[in-house]
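Below: one structure, written as structure tokens.
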Number of protein chains: 2
Amino acid sequence: MTNKQERLLQFILDFHKDNGYSPSIREIAKGMGVSSPSTVKAMLDRLEAQGVLNRSSGVARSLAPVTSEEEDLGIPVIGRIVAGTPVMAEENIEGYIPVKEFLKNSNGGFFLIVDGYSMKDKGILPGDYVFIQPSKEISNGQIGAFRLNGEVTLKTFKKTNEGVFLLPANNEFEPIPVNEDDSFEVIGRYVMLLRLREQGYKFM
Amino acid sequence: MTNKQERLLQFILDFHKDNGYSPSIREIAKGMGVSSPSTVKAMLDRLEAQGVLNRSSGVARSLAPVTSEEEDLGIPVIGRIVAGTPVMAEENIEGYIPVKEFLKNSNGGFFLIVDGYSMKDKGILPGDYVFIQPSKEISNGQIGAFRLNGEVTLKTFKKTNEGVFLLPANNEFEPIPVNEDDSFEVIGRYVMLLRLREQGYKFM
DNA sequence: ACACACCCCGAACATATGTTCAATAGAACA
DNA sequence: TGTTCTATTGAACATATGTTCGGGGTGTGT
């Protein structure tokens with residue numbers, strides 16, 4: 001793919017992102033600084049021949065960048081590996097995690113950055129991203145995010161006939177009792193953990 | 001929103017999913033079983049007035065279902081929380097994790113399901129999903145997936161002048177030496193960890 | 001030199017497409 | 001019944017849009 005072709009593809013992607021639909025040929029011409037629609041058409045023909053673009057002939061604004069199957073399916077999950085097969089062989093793929101789908105259902109959810117070692121024994125370490133699904137309710141024994149007297153903390157929720165406690169998962173810490181006159185709020189339930197350790201993927 | 005309006009919206013969404021672009025007014029008419037484009041235009045005007053649809057007047061196929069901002073930005077990350085503010089207040093949001101973007105760059109990567117406790121001290125527990133970026137190279141001290149004599153394992157890679165070792169992160173396990181006559185292969189680098197614990201989100 | 005792929009122009013063409021408008025049908029209501 | 005409002009229709013209109021054609025330019029490799 002030549003430099004110009006990459007710029008064209010990028011322009012289409014950006015336009016679609018901004019407007020929710022694809023540009024017309026003449027809009028591309030303006031955006032790319034060319035003056036003839038036929039020039040753009042020729043460029044599009046080449047891109048389509050390369051298979052990175054889909055079009056329906058005669059249909060206005062039918063440009064659709066080809067998306068790889070993985071994007072729709074999600075990221076493959078490898079469970080056990082059958083002896084002697086390549087890792088990514090079909091028989092090893094146990095399923096797919098549809099990250100995109102997850103994103104769509106993440107309404108109102110957010111990541112909380114873990115601060116201390118109080119949940120160490122649950123494998124939750126400082127710097128981890130904990131996905132919190134906002135909710136005023138939480139079941140006994142579930143992990144959640146709470147705000148106790150202004151401070152936000154991630155703990156296991158425990159309700160006994162002696163009252164409510166927030167349990168750390170680390171025997172160097174003590175259970176925290178929630179008293180009647182404390183200001184206490186359930187922020188949400190712990191759904192998922194994300195840990196970005198090694199380089200190579202820059203977020204934010 | 002009336003029944004007919006919902007059907008219309010659904011038709012547009014389905015069409016877009018199938019074709020990668022939005023239907024024209026006449027295509028909608030056919031699909032919905034009405035015979036006049038002006039009928040469809042009237043219906044679209046109503047939907048747009050309700051704010052569930054965006055259009056650019058005079059622009060072909062410019063129908064764009066209104067999407068929430070989160071979908072484009074990613075999932076917000078909350079770091080420290082300013083005293084007295086609601087959790088999701090703007091001043092608490094430290095950034096966004098563009099999961100979608102990540103997916104796009106995940107070329108060839110996959111998740112490996114962790115099996116034992118050998119990496120416990122790194123907070124990597126059985127059942128965790130470890131994202132592996134395929135690579136034949138790995139640096140000293142990095143965590144990666146390896147295949148040693150047919151068996152796949154997740155360990156820290158260590159190269160000394162005494163040879164190559166795969167180090168567990170659990171003092172109940174011994175470092176594994178990689179001998180000359182072993183069949184040994186670097187599968188890839190450990191990039192990210194995903195843990196799905198609580199219910200409410202069903203993957204796969 | 002030649003062939004070939006890529007890039008560009010401007011004009012003309014055919015049609016796909018959004019829009020407007022007068023007329024009709026149906027439902028809700030006094 | 002008549003009135004009013006909305007939904008629908010079919011035709012006509014204006015234009016946005018993809019396409020074609022003939023021409024030219026530049027670079028690369030043979």
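Below, read A as the first sequence line, B as the second, and so on, with proteins coming before strands; counting in each chain starts at 1.
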Quiz item: How long is the line joining CD of A:Glu6 and P of C:dC6, in whole Å?
Solution: 14 Å

Quiz prompt | Closest to side chain of A:Arg26, choosing from C:dC6, D:dT8, D:dT17 | solution = D:dT17

Quiz prompt | Residue-phosphate contact under 4.0 Å: A:Arg46 side-chain N/O, C:dA5 OP1/OP2 | solution = no

Self-check item: Sugar-phosphate only, base, or nothing, as touched by A:Thr39 at under 4.0 Å among non-hydrogen atoms
Solution: base

Practice problem: Enter the inter-axis angle for the ends of the helix from C:dA1-D:dT30 to C:dA30-D:dT1 (five pairs per end, rounded to 10°). | Solution: 30°

Quiz prompt | Atom CZ of B:Phe173: over 12 foreign heavy atoms under 6.0 Å | solution = yes

Exercise. Could you tell me whether B:Asp45 and B:Arg55 make a salt bridge, using a distance below 4.0 angstrom between a side-chain N and a carboxylate O?
Key: yes

Quiz item: Do the charged groups of B:Glu27 and B:Arg61 touch, with an N to O distance under 4.0 Å?
Solution: yes

Practice problem: For B:Asp115, look at atom CG and say whether over 12 heavy atoms of other residues, nucleotides or ligands are found less than 6.0 Å away. | Solution: no

Self-check item: Length of the CD1-C1' vector between B:Ile25 and C:dG18, whole Å
Solution: 5 Å

Exercise. Record whether the side chain of A:Ser38 comes under 3.5 Å of the base of C:dG10 through a donor-acceptor pair of N or O atoms.
Key: yes

Quiz prompt | Quiz item: A:Ser24 side-chain donor-acceptor pair to D:dG18 base, under 3.5 Å | solution = no

Quiz item: Going by atom types only, do A:Thr2 and A:Lys4 share a side-chain donor-acceptor pair under 3.5 Å?
Solution: no

Quiz item: Can you tell me how far C1' of D:dG18 sits from CE of A:Met43, to the nearest Å?
Solution: 15 Å

Quiz prompt | Most 5' of B:Val34 and B:Val59 on DNA chain D, judged by nearest nucleotide | solution = B:Val34

Quiz item: Can you tell which of C:dT17, D:dG10, C:dC9 lies closest to the side chain of A:Ser35?
Solution: C:dC9

Exercise. Figure out the CG/C1' separation between A:Leu44 and D:dT19, and round it to whole Å.
Key: 12 Å

Quiz item: With nearest nucleotides of DNA chain C determined for A:Ala42 and B:Arg61 from heavy-atom distances, which residue corresponds to the more 5′ nucleotide?
Solution: A:Ala42

Quiz item: Between atom CD1 in B:Ile28 and atom P in C:dT17, what is the gap in whole Å?
Solution: 11 Å

Exercise. Starting from P on D:dA7, measure out to CG on B:Asp45 and report it in whole angstrom.
Key: 11 Å

Quiz item: Around B:Phe11, counting heavy atoms of other residues, nucleotides and ligands shown, do more than 12 lie under 6.0 Å from its CZ?
Solution: yes

Exercise. List the atom of A:Leu167, the atom of A:Met119, and the distance in Å for their closest heavy-atom pair.
Key: O-SD, 4.0 Å

Exercise. Rounded off to whole Å, could you give me the CG-to-P distance for the B:Leu8 and D:dA7 pair?
Key: 13 Å

Quiz item: Is the distance from OP1 or OP2 of C:dT17 to the nearest side-chain N or O of B:Lys41 less than 4.0 Å?
Solution: no

Quiz item: Taking CE from B:Met32 and C1' from D:dA7, how many angstroms apart are they, rounded to a whole number?
Solution: 13 Å

